[in-house]
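Comments concern the structure below.
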Amino acid sequence: MYQPDGMRKKFKLKTERVRKLAVTFVIILLALIALQVAEDEIFGTHYIPWLYGLIILIFGSLFYRAVYMPHPFARIWLLTGYILLGTAVWHYELASHINTFLSDTTYDIHLAVMVFMFLLLIPYMLVQKSRIKTRFRKLFELAAQPVEDTRNGYSTRPYPAGKGAYTRDEIVALGRFLEKHMIAVMHPEDDRILLSFSANLGFNRKDHEKYSNICFNDNGEILVTINRDDYAQFKDTLAFEQLCDSIALLFRDFLEKFRQGREKEILVSMDAMEPGIFKIIVMIVAVLVTAGFIVSIVLWYIARQS
């Protein structure tokens, strides 16, 4: 069972596995590059770049719909960045190959605005994605602390973790707080509130029922679902029922602290599950990535001007 105070920290999650992302997008991009070379050599036309822009706009739109970020302004900034990126390809074609009011000057302005937006957006997203994954893993780590039984009893079915005394408004308010601080993602439904969390969850907020979650039904029933991939993250397979009960007690503890205005204690308990050196490493990596990106853009611009 979950015991929030006075507990010796013994980390029980496996190191997060490195996953290869965006394979499909890279394959499509390589195929289009090959088609563009063939088109230019055989026909001397420039139609494939228009497809580039369309794919970027479609991808940006889908990503905008699926993305989870704690601040709505960041999502709008992201969508605008994708629009500028996709239309930049079209802008170049119009300025270079078609006689319009667009010119190299307007294209340079377009690029400058786009670069400025991504200079701010990319480091922000890298830091936020790291924080999201870290927060969700810390939640599992915190819930796993009191579980000592290592018998396997995993089930994909939601686990009934008893009933609680709460109102829908209380759970919605708690969900907004947890979502703001990237501890869980809230999904309000007609007769229940679902709070999803996963050590493997990034920015995607769709298919939330496939992720680990805790469900607060309007009738007071509490259900816990643990994703198989999340359960496999533990070094030693922990007793499934005990882990589910511990997650339910953890969220009940969050709710009680939230009711009493002790929200900061929730954040403190989460931060306690992170070794101090990790914060320093994340900060160093974020600074290096940002500096490298800025230097790359500056060198690219200098080379283009010369």
Ionic contact status for Arg259 with Glu256, cut-off 4.0 Å: yes
Name of the residue among Leu84, Ile109, Thr87 meeting side-chain contact (heavy atoms from CB on, under 4.5 Å) with Met114: Leu84
If you count heavy atoms of other groups shown closer than 6.0 angstrom to CG of Asn219, is the number above 12? yes
Side-chain contact test, heavy atoms from C-beta onward, threshold under 4.5 Å: evaluate it for Phe254 versus Ile183 and give yes or no. yes
Measure the spacing between CG of Leu249 and CG of Asp253 and express it to the nearest 0.5 Å. 8.5 Å
Is the gap between the ring centers of Phe251 and Phe197 under 6.0 Å? yes
How long is the gap from NE2 on His187 to CG on Asn213, to the nearest 0.5 Å? 8.0 Å
May I ask you to check whether over 12 heavy atoms, not counting those of Arg176, lie within 6.0 Å of atom CZ? no
Please check if any side-chain donor atom of Tyr159 sits under 3.5 Å from a side-chain acceptor atom of Asp245, or the reverse. yes
Closest heavy-atom contact between Arg192 and Asn217? CB-OD1, 3.3 Å
For the residue pair Phe258 and Phe177, does the interplanar ring angle fall in the parallel (under 30°), tilted (30 to 60°) or perpendicular (over 60°) class? tilted
Nearest 0.5 angstrom please: Asn227 CG to Thr156 OG1, how far? 10.0 Å
